[in-house]
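Convention: sequence-line order gives letters A, B, ...; per-chain numbering from 1.
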Number of protein chains: 2
Amino acid sequence: MAISTGAGDPDRTLPLLWRRELGVQTGSRGPKQRVSIDAVVEAALALAVDEGIEAVSMRKVAERVGIGAMSLYTYLPGKAELLDLMVDEAVGRAPREAGRGSTPRERLELLAREEYGHFRAHPWLLAVDVSRAPLGPGSSERYEYQLGLVEGLGLDDVDQDAVVALVAGFAASVARVAIESERTRRASGVSDEEWWGRNAVVLERVMDGSRFPLSGRVGQAVGERFASAISADYQFEFGLGRLLDGIDALLAEVRP
Amino acid sequence: MAISTGAGDPDRTLPLLWRRELGVQTGSRGPKQRVSIDAVVEAALALAVDEGIEAVSMRKVAERVGIGAMSLYTYLPGKAELLDLMVDEAVGRAPREAGRGSTPRERLELLAREEYGHFRAHPWLLAVDVSRAPLGPGSSERYEYQLGLVEGLGLDDVDQDAVVALVAGFAASVARVAIESERTRRASGVSDEEWWGRNAVVLERVMDGSRFPLSGRVGQAVGERFASAISADYQFEFGLGRLLDGIDALLAEVRP
DNA sequence: GAGATTAGCGTACGGCGTACGAAAAAGCTA
DNA sequence: TAGCTTTTTCGTACGCCGTACGCTAATCTC
């Protein structure tokens with residue numbers, strides 16, 4: 001399933017995202033709301049952490065906050081909007097310490113580590129399709145923070161955007177494979193060794209030496225060097241080094 | 001949603017993936033199967049292309065091949081395995097022309113363009129969580145092909161793996177944002193201009209000039225330069241340049 | 001107090017993956 | 001040829017999901 005967001009009407013979603021800035025517009029008549037939107041979002045976040053994003057259903061979220069399932073719809077238009085709020089909240093809580101780096105390279109490296117760590121700590125985030133999610137305070141603040149890391153380096157505006165997108169996208173990309181392999185390992189309840197052992201019987205029948213020579217050699221080397229658990233971490237370190245080298249070359253050209 | 005795969009038992013999935021190499025093990029007694037696994041996979045692929053991955057349900061796939069929904073379970077253990085087969089099939093069909101590049105840099109550039117183009121052409125692929133998906137013939141052949149592009153450059157086995165993963169991961173990462181923004185644009189049925197116009201009312205109230213100065217300036221520059229449709233394409237070109245610069249620097253060090 | 005408004009929520013609908021078991025088809029054995 | 005065994009087919013059903021609809025009850029305004 002694609003846990004997707006962004007399908008909601010922006011006219012409905014934006015005021016929800018910026019609810020703290022705009023103030024809650026609740027009617028004065030009728031019964032008071034028994035809980036708050038923040039409590040709903042918080043419950044959904046907790047549920048995602050505890051049981052994974054696919055366990056976040058309207059019924060379960062409602063149960064967590066102590067109201068009926070359909071009562072949720074007096075707080076939110078639907079599930080898509082709830083996911084929007086969850087994502088913006090989580091993005092807004094990512095650390096913002098990369099400004100401490102003393103060189104541009106160091107700042108971008110810290111940014112990449114921050115993003116990587118945040119996605120590893122909140123794996124459900126990458127399982128939500130966020131396509132043109134309405135701009136909320138969390139993602140806006142993070143974007144502003146990221147741009148601040150490359151301000152004044154001689155890059156034009158478009159390339160400032162491109163650099164931070166490149167670094168953040170790289171971190172998300174590696175985090176995604178790390179998370180996916182970790183989740184499957186957990187779900188299957190089988191260690192890497194046993195998993196490969198069970199595969200070996202079939203694979204050896206099929207991979208006669210001549211058909212996949214490089215894969216056989218390289219796959220073995222990778223497998224020997226790393227438990228696949230930490231293979232993603234090496235991917236991250238290796239890729240980050242290359243990426244920062246490439247960005248440094250650009251910065252050297254444009255240095256003001 | 002996370003349309004997830006890899007939950008299946010590899011003892012069941014691997015023989016399905018390598019069915020052409022191993023031969024189909026169908027019992028001789030009883031009724032003949034009315035269709036083939038290949039027909040099932042093909043129908044699922046067509047369905048994913050026509051209506052998107054979230055429309056791929058067991059009931060609809062069965063209807064497309066002309067059997068009852070529950071009959072599918074005599075071909076496959078479940079939906080997870082069907083997704084495994086779809087992904088491996090689609091990956092195996094990606095073009096493999098990057099070997100024509102005359103320099104390592106050129107080959108990796110072609111690889112990135114190939115991957116990017118393939119994901120753009122088969123957007124449903126990136127919506128499937130493939131975590132430690134059992135190795136099938138399609139992904140095995142592609143991995144072998146990718147490794148061939150960086151063979152003999154002086155990289156050790158582990159870094160050969162890391163380089164191709166970096167380039168392919170980058171392409172997938174940019175393709176993902178391109179696809180997601182395109183899908184949302186289509187789903188909302190609203191042009192970029194109109195979408196921003198509807199957001200502007202709320203955003204202007206909230207983004208007083210002082211809170212997000214960089215975002216405001218850069219966001220405007222990006223918006224003016226690109227319709228957001230082609231913004232991903234610039235991200236790709238920009239990122240690819242930096243990435244290849246960084247890899248080139250490494251290759252210059254290790255050149256044999 | 002009367003009326004208007006709004007939150008809460010029970011019920012229900014159409015979708016999903018798939019467990020279960022009956023029916024039917026085909027080959028093997030006697 | 002008759003009966004048995006194996007295997008495919010598939011109708012029904014269960015428990016999930018998101019959410020449309022409409023009633024009840026709480027609370028403010030007049």
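- The nearest whole Å value for the distance from the OH atom in A:Tyr73 to the P atom in D:dA20 is 7 Å.
- Axis orientation changes by 20° from one end of the helix from C:dG1-D:dC30 to C:dA30-D:dT1 to the other, with each end axis drawn from 5 pairs and the value rounded to 10°.
- With sequence neighbours excluded, no residue forms a ring pair (Phe, Tyr, Trp, His ring centres under 6.0 Å) with B:Tyr143.
- Taking atom NZ of A:Lys79 as the reference point, atom C1' of D:dT19 lies 12 Å away to the nearest angstrom.
- Between A:Leu76 and the choices A:Leu83, A:Leu16, A:Thr13, A:Val61, the side chain to side chain contact (heavy atoms under 4.5 Å, CB included) rule is met once, by A:Leu16.
- C:dG15 atom P lies 13 Å from atom CD of B:Glu51, rounded to whole Å.
- Mapped onto DNA chain C by nearest heavy atom, B:Met58 and A:Thr74 fall at different nucleotides, with A:Thr74 at the one closer to the 5' end.
- Applying the salt bridge (charged side-chain N to carboxylate O under 4.0 Å, His left out) test to A:Arg96 and every residue at least two apart in sequence or in another chain returns A:Glu141.
- Using a 4.0 Å cutoff on non-hydrogen atoms, the parts of residues 62-69 of chain A near DNA chain C are A:Ile67, A:Gly68, ordered by number.
- Contacts classified as salt bridge (Lys or Arg N to Asp or Glu O under 4.0 Å) and involving residues 61-70 of chain B (residues at least two apart or in different chains) are given here: B:Asp50-B:Arg64, B:Glu51-B:Arg64.
- Less than 4.0 Å separates DNA chain C from no heavy atom of any residue of residues 36-47 of chain A.
- Residues forming a side-chain contact (heavy atoms from CB on, under 4.5 Å) with A:Ala112 (at least two apart in sequence, or on another chain): A:Val167, A:Phe236, A:Leu240.
- Contact annotation: the side chain of B:Lys60 approaches that of B:Leu47 to within less than 4.5 Å [non-hydrogen atoms, C-beta and beyond].
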Please tabulate, for the side chains in residues 36-45 of chain B, all donor-acceptor contacts under 3.5 angstrom to protein atoms that are two or more places apart in sequence or on a different chain.
from, atom 1, to, atom 2, distance (Å)
B:Ser36, OG, B:Ala39, N, 3.0
B:Asp38, OD2, B:Arg19, NH2, 3.2
B:Asp38, OD2, B:Arg20, NH1, 2.4
B:Glu42, OE1, B:Arg93, NH2, 3.1
B:Glu42, OE2, B:Arg93, NH1, 3.2
B:Glu42, OE2, B:Arg93, NH2, 3.2

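- With sequence neighbours excluded, no residue satisfies side chain to side chain donor-acceptor pair (under 3.5 Å) with B:Tyr75.
- By the 4.5 Å heavy-atom criterion applied to side chains, A:His118 and A:Leu125 are counted as neighbours.
- One interatomic measurement links the two molecules: CG of A:Leu82 to P of D:dT19, which rounds to 10 Å at whole-angstrom precision.
- In this structure, the side chains of A:Phe170 and B:Leu166 come closer than 4.5 Å at one or more pairs of heavy atoms.
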Measure all distances between protein nitrogen or oxygen atoms and nitrogen or oxygen atoms of nucleotides 20-26 of chain C, and list the pairs falling under 3.5 Å.
from, atom 1, to, atom 2, distance (Å)
C:dA26, O4', B:Gly30, O, 3.4

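- No contact: B:Val61 has no heavy atom under 4.0 Å from any strand.
- The interatomic distance linking B:Arg34 (CZ) with D:dT9 (P) rounds to 6 Å, in whole Å.
- Residue A:Leu76 contributes atom CG, which lies 13 Å from atom C1' of D:dT19 at whole-angstrom precision.
- As a whole-Å value, the separation of A:Glu54 CD from D:dG18 C1' is 16 Å.
- Between B:Ser57 and C:dC16 there is a side-chain polar atom (N or O) within less than 4.0 angstrom of OP1 or OP2.
- Take B:Pro137 and apply the side-chain contact (heavy atoms from CB on, under 4.5 Å) test, not counting sequence neighbours, and it matches A:Arg211, B:Leu17, B:Trp18, B:Glu21, B:Asp88.
- A:Arg113 is not listed as a side-chain neighbour of A:Tyr116, based on a closest heavy-atom distance of 4.5 Å or more.
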Working for side chain to side chain contact (heavy atoms under 4.5 Å, CB included), residues B:Leu22 and B:Leu14: CA-CA 10 Å; B:Leu22 295 172; B:Leu14 276 176; over 6 Å; no
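- Taking A:Glu115 as the reference, A:Arg142, A:Gln146 meet the side chain to side chain donor-acceptor pair (under 3.5 Å) condition, with sequence neighbours excluded.
- Going from atom OH of B:Tyr75 over to atom C1' of C:dT18 covers 18 Å, rounded to whole Å.
- Put simply, the side chain of B:Arg59 and the base of C:dG15 share no donor and acceptor less than 3.5 Å apart.
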